[in-house]
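Let me begin by handing over the structure; questions about it come next.
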Amino acid sequence: MCGIVGLFLKDKSLEPELGALLSSMLVTMTDRGPDSAGIAIYGDASGSNAKITIQSANPKKDFAGLEAELGQAVGASVSIQVKSTHAVITLAKDLLDAGKAAVSELRPNIRIMSSGDAIEIYKETGLPKDVVSRFAVNSMGGTHGIGHTRMATESAVTTLGAHPFSTGSDQCLVHNGSLSNHNNLRRELKREGMTFETENDTEVAAAYLTAEMAKGKNLGQALEGAVDDLDGFFTFVVGTKSGFGVVRDAIACKPAVMAETDQYVAFGSEYRALVNLPGIENARVWEPEPATVYFWDHQKVA
């Protein structure tokens with residue numbers, strides 16, 4: 001049992017409140033998963049810079065001097081904003097791959113949580129209220145985001161085992177349920193060149209979507225393939241640079257509810273995650289259908 005939330009903003013006037021709204025939604029789901037929590041925030045993707053979110057179990061040591069060393073390694077100016085055990089590296093878009101490689105070489109103990117033009121991921125063990133407070137998520141703005149609070153059943157309670165999982169640029173996934181064919185699928189994806197950091201079945205689902213989108217599919221098409229190719233019980237909420245998607249398996253035994261207004265689309269494992277959203281009393285509220293893909297994209301929202 002885990003708790004999932006997601007919020008896709010249509011109304012730009014709400015963008016400064018994204019972090020606060022998502023945090024409130026996530027904290028409401030605490031009793032569905034007190035082991036760990038995480039949140040992905042998608043900010044403005046315009047401009048010439050990209051971001052790498054990193055995490056360290058020993059941030060005081062690992063982050064010290066990293067800005068200068070990394071700048072020297074990539075041959076350009078970079079900036080690093082430290083937030084507790086995480087930090088966000090900002091650098092030119094064309095240096096993103098070089099920056100990730102340099103981080104791994106300079107600080108082998110650091111883990112890359114996410115990378116891309118828009119995404120930042122923060123996740124740690126502990127209660128949702130403590131995680132969102134630790135990283136000042138309430139003060140963050142953005143266009144859309146997803147969150148997860150975990151009750152571990154398939155793997156250990158660790159930072160790397162927390163959701164969201166990101167396996168591609170500006171991509172991430174949160175999951176409630178369990179997959180029965182993840183070991184076989186992991187082997188297939190490894191043969192296609194995907195790499196894994198955990199034994200978590202959710203990382204396999206994220207990697208599956210990354211691999212499918214690398215073949216030219218959009219998020220909606222990749223999610224349609226997941227219904228056929230992934231076995232087990234699952235509800236997925238997924239983010240891309242401009243998109244937000246939801247899908248449940250064909251049996252759909254994991255709880256889910258959605259709401260849509262002119263200002264936003266919202267997802268919660270239970271309706272109580274949505275009750276404090278602005279204008280929720282006028283929203284269209286429904287339970288997502290089994291084996292049905294729901295997909296929104298900022299590039300297609302008027």
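Note that the numbering runs from 1 along the sequence shown for the chain.
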* To do: Given side chain to side chain donor-acceptor pair (under 3.5 Å), test Gln171 with Thr210 step by step and report yes or no.
  => CA-CA 7 Å; Gln171 299 170 15; Thr210 297; 2.6 Å; yes
* Which heavy-atom pair separates Ala50 from Asp117 by the least distance, and what is that distance? -> CB-OD1, 4.0 Å
* Asked: Do the side chains of Tyr294 and Trp286 get nearer than 4.5 Å, heavy atoms only?
  -> yes
* To do: Could you tell me whether the side chain of Lys123 and the main chain of Pro164 form a donor-acceptor pair under 3.5 Å?
  => yes
* Within a reach of under 6.0 Å around CG of Asp228, are more than 12 heavy atoms found that belong to other residues, nucleotides or ligands? -> yes
* Evaluate the side chain to side chain donor-acceptor pair (under 3.5 Å) criterion for residues Asp297 and Ser242: first the C-alpha distance (whole Å), next the side-chain angles of each, then the deciding distance (0.1 Å), finally the verdict. => CA-CA 5 Å; Asp297 195 303; Ser242 60; 2.9 Å; yes
* Give the C-alpha distance, both sets of side-chain angles, the deciding distance and a yes or no for side-chain contact (heavy atoms from CB on, under 4.5 Å) between Cys172 and Ile119. => CA-CA 9 Å; Cys172 70; Ile119 191 173; 3.9 Å; yes
* Structure fact -> Of Val265, Leu18, Thr143, the one forming a side-chain contact (heavy atoms from CB on, under 4.5 Å) with Leu9 is Leu18
* To do: Begin with the C-alpha distance, continue with both residues' side-chain angles, and end with the deciding distance and a verdict on side chain to side chain donor-acceptor pair (under 3.5 Å) for Tyr208 and Asp229.
  => CA-CA 9 Å; Tyr208 168 87; Asp229 295 338; 2.6 Å; yes
* To do: Determine the interplanar angle of the Tyr42 and His144 rings, folded into 0 to 90°, and report it as parallel if under 30°, tilted if 30 to 60°, perpendicular if over 60°.
  => parallel
* State yes or no: are the ring centers of His175 and Phe236 separated by less than 6.0 Å? => yes
* Chi angles and distances behind the side chain to side chain donor-acceptor pair (under 3.5 Å) call for Ser84, Arg134 -> CA-CA 7 Å; Ser84 185; Arg134 186 174 196 171; 2.8 Å; yes
* To do: Please examine the side chains of Thr90 and Val78, heavy atoms only from C-beta on, and report whether any two atoms are closer than 4.5 Å.
  => no
* Asked: Where do Glu67 and Ile80 come nearest, in terms of heavy atoms and distance?
  -> OE1-N, 2.8 Å
* Is it true that Ile121 and Val137 fall in one hydrophobic cluster, defined by side-chain heavy atoms closer than 4.5 Å? -> no
* **Test item: Asp201 side-chain N/O and Leu179 main-chain N/O as donor-acceptor pair under 3.5 Å** => yes
* Asked: Does the pair Val5 and Met29 meet the rule for a side-chain contact (heavy atoms from CB on, under 4.5 Å), with working shown?
  -> CA-CA 8 Å; Val5 298; Met29 292 288 95; 4.0 Å; yes
* **Sub-4.5 Å side-chain heavy-atom contact between Cys2 and His148** => yes
* Can you name the closest pair of heavy atoms from Ala76 and Leu95 and give their distance? -> CB-CD1, 3.5 Å
* Verify same cluster id: Tyr122, Ile112 (apolar side-chain graph, 4.5 Å) -> no
